[in-house]
Amino acid sequence: MSTGPSAAPGADPRAAVPGRAGALLAELGDRAELHDLYDEAGAPVYHAIAGSSPLEVRELVAALRSTSGAVLELAAGSGRLTMPLLTLGRELTALELAPGMIRILEERLRAVPAARRDRCTVVPGDMSSFELGREFGAVVLGATSVSLLDATGRAGLYRCVRRHLAPGGKFLLTAVDVTDFGSATTEQVMDVDCADGTRFRMYEHWTEGADARTVTVFPHPLDTAELPITVCTTRIGVFPVAQLEAELALAGLVLTQRRSLPATGSHHHDVLLVAEVAA
């Protein structure tokens with residue numbers, strides 16, 4: 001899993017943040033602390049932002065209604081999808097690698113009714129390499145998290161999914177197509193208003209042909225942010241959905257559905273893929 005812009009050993013990681021986000025980070029100097037979006041400091045930021053776009057969650061929950069049996073959620077994060085999945089009344093295993101995310105998820109689970117909480121098992125683990133010793137009627141990977149993995153990681157993901165799918169089980173995942181990013185160097189700036197009242201300004205930077213885009217998040221407005229200012233960044237893979245479909249086929253997973261998800265108003269265009277193990 002990518003954990004942020006890469007820099008040469010011993011180099012300042014701030015130098016790896018490109019575009020206007022990098023310039024703003026340099027301007028802030030020692031007033032800002034740079035963190036990965038998935039570490040202990042970044043997890044609350046991710047949690048706040050993830051809850052601001054419920055459309056994908058509704059689509060995944062609706063798609064899961066056509067499946068049966070226990071559900072395995074990969075890269076569960078802070079529970080953006082976990083909580084809605086528990087309303088389906090099914091046994092749920094939530095796998096997550098980042099300790100900060102697990103902490104938030106477990107805190108949220110303690111606040112739900114025991115009957116619902118008892119159906120959920122939280123497992124620390126890497127979505128590209130895990131062994132749970134059982135099969136599931138559905139495996140789901142939301143939030144376009146497959147983009148966090150390189151080619152080797154994706155191959156590991158597919159192998160693990162195949163091992164854990166029960167006969168007739170379905171693998172549901174979402175992805176972002178590369179065609180949504182235009183040409184040459186593009187930089188998108190989005191203001192995010194979160195349900196908890198916090199606000200962020202998100203910068204996404206991508207150069208045509210690069211294998212990843214850089215996402216950097218600042219509190220907004222900066223002049224009211226507490227010091228030191230927490231700035232979070234990560235690198236997310238960029239590849240055509242057609243490539244993802246080809247990889248699934250090579251891994252023995254047959255695509256049964258591809259559906260564009262409702263637009264969120266940004267440049268993103270998410271796609272829902274549903275696959276089954278080849279006969």
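Judged purely by distance below 3.5 Å, without hydrogens or angles, the side chains of T152 and D150 never pair a donor atom with an acceptor atom. Checked by atom type, the side-chain pair T174/E56 shows a donor-acceptor distance below 3.5 Å. E73 and T82 share a donor-acceptor pair across their side chains, judged by distance under 3.5 Å alone. Between the side chains of R90 and T67, at least one donor N or O lies within less than 3.5 Å of an accepting N or O.
Atoms CZ and CG, from R58 and L261 in turn, are 11.5 Å apart once rounded to the nearest 0.5 Å. The distance from atom CD of E33 to atom CD1 of I229, rounded to the nearest 0.5 Å, is 10.5 Å. Atom CZ of residue F130 and atom CG of residue L95 lie 6.0 Å apart, to the nearest 0.5 angstrom. Between the CG atom of L37 and the CG atom of L148 there is a distance of 9.0 Å, given to the nearest 0.5 Å. A distance of 9.5 Å separates SG of C194 from NE2 of H47, quoted to the nearest 0.5 Å. With rounding to the nearest 0.5 Å, the separation of SG in C160 from CG in L132 is 8.5 Å.
A pairwise comparison of heavy atoms in G153 and S128 identifies O-CB, 3.3 Å as the closest pair. Heavy-atom minimum distance, G169 versus L165: C-CD2, 3.8 Å. The two residues T230 and H35 have their closest heavy-atom pair at CG2-CD2, 3.9 Å. Residue A50 comes nearest to R80 through the heavy atom pair O-NE, 3.0 Å, listed as atom of the first residue, atom of the second, then distance. Nearest heavy-atom pair, A70 versus F136, reported as atom, atom and distance to 0.1 Å: O-CB, 3.5 Å. Nearest heavy atom pair, residue E96 against residue G77, reads OE1-N, 2.7 Å.
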**Q.** Evaluation steps, side chain to side chain contact (heavy atoms under 4.5 Å, CB included), between V231 and T216
**A.** CA-CA 7 Å; V231 179; T216 309; 3.7 Å; yes

Q. Run the side chain to side chain contact (heavy atoms under 4.5 Å, CB included) check on L272 and L60 step by step: do they pass?
A. CA-CA 8 Å; L272 170 64; L60 281 168; 3.6 Å; yes

(Q) side chain to side chain contact (heavy atoms under 4.5 Å, CB included), that's the test. Do M190 and M202 meet it? Break it down for me. (A) CA-CA 5 Å; M190 294 161 282; M202 182 185 304; 4.0 Å; yes

Q: Step by step, work out the side chain to side chain contact (heavy atoms under 4.5 Å, CB included) result for L64 and L172.
A: CA-CA 8 Å; L64 280 165; L172 297 84; 3.8 Å; yes

Q. Taking it one step at a time, do E204 and R213 satisfy salt bridge (Lys or Arg N to Asp or Glu O under 4.0 Å)?
A. CA-CA 7 Å; E204 287 196 4; R213 69 189 193 271; 3.4 Å; yes

**Q.** Worked verdict on R159 versus E131 for salt bridge (Lys or Arg N to Asp or Glu O under 4.0 Å)
**A.** CA-CA 10 Å; R159 285 193 298 270; E131 179 53 65; over 6 Å; no

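Using a distance-only test at 3.5 Å, with no hydrogens or angles considered, no donor-acceptor pair links the side chain of S129 to the main chain of D126. A donor-acceptor contact shorter than 3.5 Å links the side chain of E187 to the backbone of R20. Judged by distance alone, with hydrogens and angles left aside, the side-chain atoms of T121 form no donor-acceptor pair with the main-chain N or O of T93 at under 3.5 Å. T234 contributes no side-chain N or O that, together with a main-chain N or O of V215, makes up a donor-acceptor pair within less than 3.5 Å.
With a 6.0 Å radius and a threshold of 12 heavy atoms from other residues, nucleotides or ligands, D191 has its CG atom above the threshold. Within a 6.0 Å radius of CD in E226, no more than 12 heavy atoms belonging to other residues, nucleotides or ligands are found.
Inter-residue side-chain proximity for V176 and V271 is flagged as unmet; no heavy-atom pair is nearer than 4.5 Å. In this structure, the side chains of V217 and R201 stay at 4.5 Å or more apart for every pair of heavy atoms. Counting heavy atoms from C-beta on, the side chains of F239 and D211 never come closer than 4.5 Å. A 4.5 Å side-chain heavy-atom check between L74 and L173 finds every atom pair outside the cut-off.
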Under 3.5 Å, sequence neighbours excluded: what are the donor-acceptor pairs made by side chains of residues 99-117?
from : atom 1 : to   : atom 2 : distance (Å)
R108 : NH1    : S78  : O      : 3.1
R108 : NH1    : G79  : O      : 3.4
R117 : NH1    : V112 : O      : 2.7

Atom pairs and distances, donor-acceptor, side-chain atoms in residues 242-252, under 3.5 Å, two or more places apart:
from : atom 1 : to   : atom 2 : distance (Å)
Q243 : NE2    : E247 : OE2    : 3.2
E245 : OE2    : R258 : NH1    : 2.9
E247 : OE1    : R154 : NE     : 2.8
E247 : OE1    : Y158 : OH     : 2.7
E247 : OE2    : R154 : NE     : 3.4
E247 : OE2    : R154 : NH2    : 2.8

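Using cut-offs of 30° and 60° on the angle between ring planes, the pair Y46 and Y38 is tilted.
Ion pairing of R163 with E135 is absent here, as no side-chain N (NZ or NE/NH1/NH2) approaches a carboxylate O to less than 4.0 Å.
Put simply, L28 and V189 are part of the same group of oily side chains (I, L, V, M, F, W, Y) that touch within less than 4.5 Å, one to the next. Cluster membership check: V123 shares its hydrophobic cluster with F171, using side-chain heavy-atom separations under 4.5 Å among Ile, Leu, Val, Met, Phe, Trp and Tyr.
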